[in-house]
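All values below were derived from every heavy atom in this structure, side-chain atoms included, with hydrogens, water molecules and symmetry-related copies excluded. Atoms within a ligand are numbered from 1 in the order they appear, just like the ligands themselves. Sequence positions, counted from 1, serve as the residue numbers for this chain.
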Amino acid sequence: MDASHGFLDPATLAVHSGRDDLAALGVHALPLDLSTTYPVIDAELAASDLDAWTEGTEDARRNPIYARLYNPTVGRFEQAMAVLERAEAAVAFATGMGALTAVLLALPAGRRHVVGVRPLYGTSDHLLASGLLGTTVTWAAPDEVEGAITPDTGLVVMETPQNPTVTLVDIAAVVRQAGPVPVLVDNTFATPVLQNPLAHGASIVLHSATKAIGGHGDAMGGVVACGEEFAARLRQVRVATGALLHPMGAYHLHRGLPTLHVRVREMQATATELARRLAAHSGVERVYHPSLPGADPAGLVGTQMRGPGTMLAFEVSGGPAAARALLSNVRVATHAVSLGSVDTLIQHPASLTHRIMDAADREEWGISPSLVRMSVGLEAAADLWADLALALEAAAASAPSNVSSAGHAIPSA
Ligand SMILES: *Cc1c(COP(=O)(O)O)cnc(C)c1O
């Protein structure tokens with residue numbers, strides 16, 4: 001990356017990064033290279049290139065040899081993500097879970113104990129809780145990390161904003177407690193537009209690029225941004241295990257980056273407006289969004305995070321039945337998992353994204369059975385509010401709280 005890029009605004013970098021070699025190639029849009037193999041010109045040179053790739057060395061000038069070793073379309077996307085996360089390097093994978101898997105496989109022998117700050121994304125929680133990859137886990141609240149570290153701890157895993165409650169965790173405070181142990185921050189919810197965890201002392205940033213990075217709900221991917229030494233380990237793991245980001249996926253994800261800033265800013269403004277309206281609605285018990293009074297006691301919005309974000313959650317009065325009624329009555333928003341897309345997605349974590357967790361654990365970590373999570377899209381705020389208001393009416397009509405003490409249903413308006 002050109003050194004002068006350090007002086008450019010991140011919004012400008014999002015438009016231009018990972019495209020440095022295009023002019024020399026004589027093209028302007030991102031080229032898509034679908035080759036699975038590459039012609040060998042010089043056998044000796046090819047052998048040394050192959051050695052370099054399997055050792056995790058990154059050098060776009062080498063012959064890729066075979067697509068599991070390197071792909072230039074993926075390489076450009078990685079370069080752009082490294083710039084946006086202000087990291088030395090980024091390594092891309094088929095999915096966010098593929099990326100987390102590679103991180104866990106790359107932990108050194110004897111350092112395979114992980115401290116997990118709950119709540120995490122449901123499948124990340126499951127991957128750690130199940131010990132599927134030979135790691136062990138100790139769960140900790142953000143202020144219990146120090147006490148959970150042992151001589152075998154190789155990683156602390158955290159998310160902020162947390163999923164699905166959108167609570168903020170102080171990255172620097174966790175890093176201080178972790179001491180020499182690297183801290184991984186899942187930055188999927190915040191995106192590099194709103195937060196750069198490495199600037200607060202984290203060592204590793206993880207993205208499910210499936211979400212806001214791609215932003216159009218049509219490509220899966222995962223990215224780890226970190227120092228070059230750990231990136232080389234990750235590339236070794238990727239060459240050996242093959243959880244590659246397909247070049248078509250990399251093309252779509254990279255194509256999403258130039259609009260990332262405008263999408264996130266617009267979606268955040270609408271999320272803030274909806275949070276304010278929901279908080280004043282009688283059919284809603286509690287709203288979670290960092291913009292609301294009291295939601296950010298540590299003052300992390302404006303210091304750690306450049307805004308309150310695009311995700312919100314709320315507890316519907318009337319319990320899980322009312323929450324489900326709300327979801328089957330939205331018309332502009334789509335009842336679906338995933339997030340960060342141009343369109344609004346709404347879902348019930350206890351039934352879907354966090355179903356894989358123990359019910360008792362869900363309760364303990366604030367994931368109430370009446371909680372609904374919403375990823376705000378680019379629709380007009382007024383249309384989204386009208387949609388929610390009608391769905392909340394339907395939820396109120398279905399709620400058991402409309403049953404009087406004598407057991408008779410009160411007809412609802
Ligand atoms: C979706 C998601 C993941 C997993 O990513 P996939 O691309 O679905 O594998 C991890 N963390 C968070 C916060 C997510 O939202």
Considering only NZ, NE, NH1 and NH2 on the basic side and carboxylate oxygens on the acidic side, decide whether D152 and R112 come within less than 4.0 Å.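 Not counted as a salt bridge, because no side-chain N and carboxylate O are separated by less than 4.0 Å.
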Name all residues meeting the salt bridge (charged side-chain N to carboxylate O under 4.0 Å, His left out) criterion together with E364; count only those two or more places apart in sequence or in a different chain, and write none if there are none. none
Those residues that, when tested against R331, pass side chain to side chain donor-acceptor pair (under 3.5 Å) (two or more places apart):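 None.
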H113 and its side-chain hydrogen bond (donor to acceptor under 3.5 Å, both in side chains) partner, picked from T135, T138, T136: T138
Residues in contact with ligand 1, criterion: heavy atom under 4.0 Å: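 The 4.0 Å shell around ligand 1 contains T95, G96, M97, Y121, E159, D186, T188, S208, T210, K211, M220, G221, L339.
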Is it true that D186 and T188 share a donor-acceptor pair across their side chains at a distance under 3.5 Å? yes
In residues 243-255, what donor-acceptor pairs under 3.5 Å come from side-chain atoms, sequence neighbours left out?
unit_1 : atom_1 : unit_2 : atom_2 : d
H246   : ND1    : M248   : N      : 2.9
H252   : ND1    : M248   : O      : 3.2
H254   : NE2    : S17    : O      : 3.0

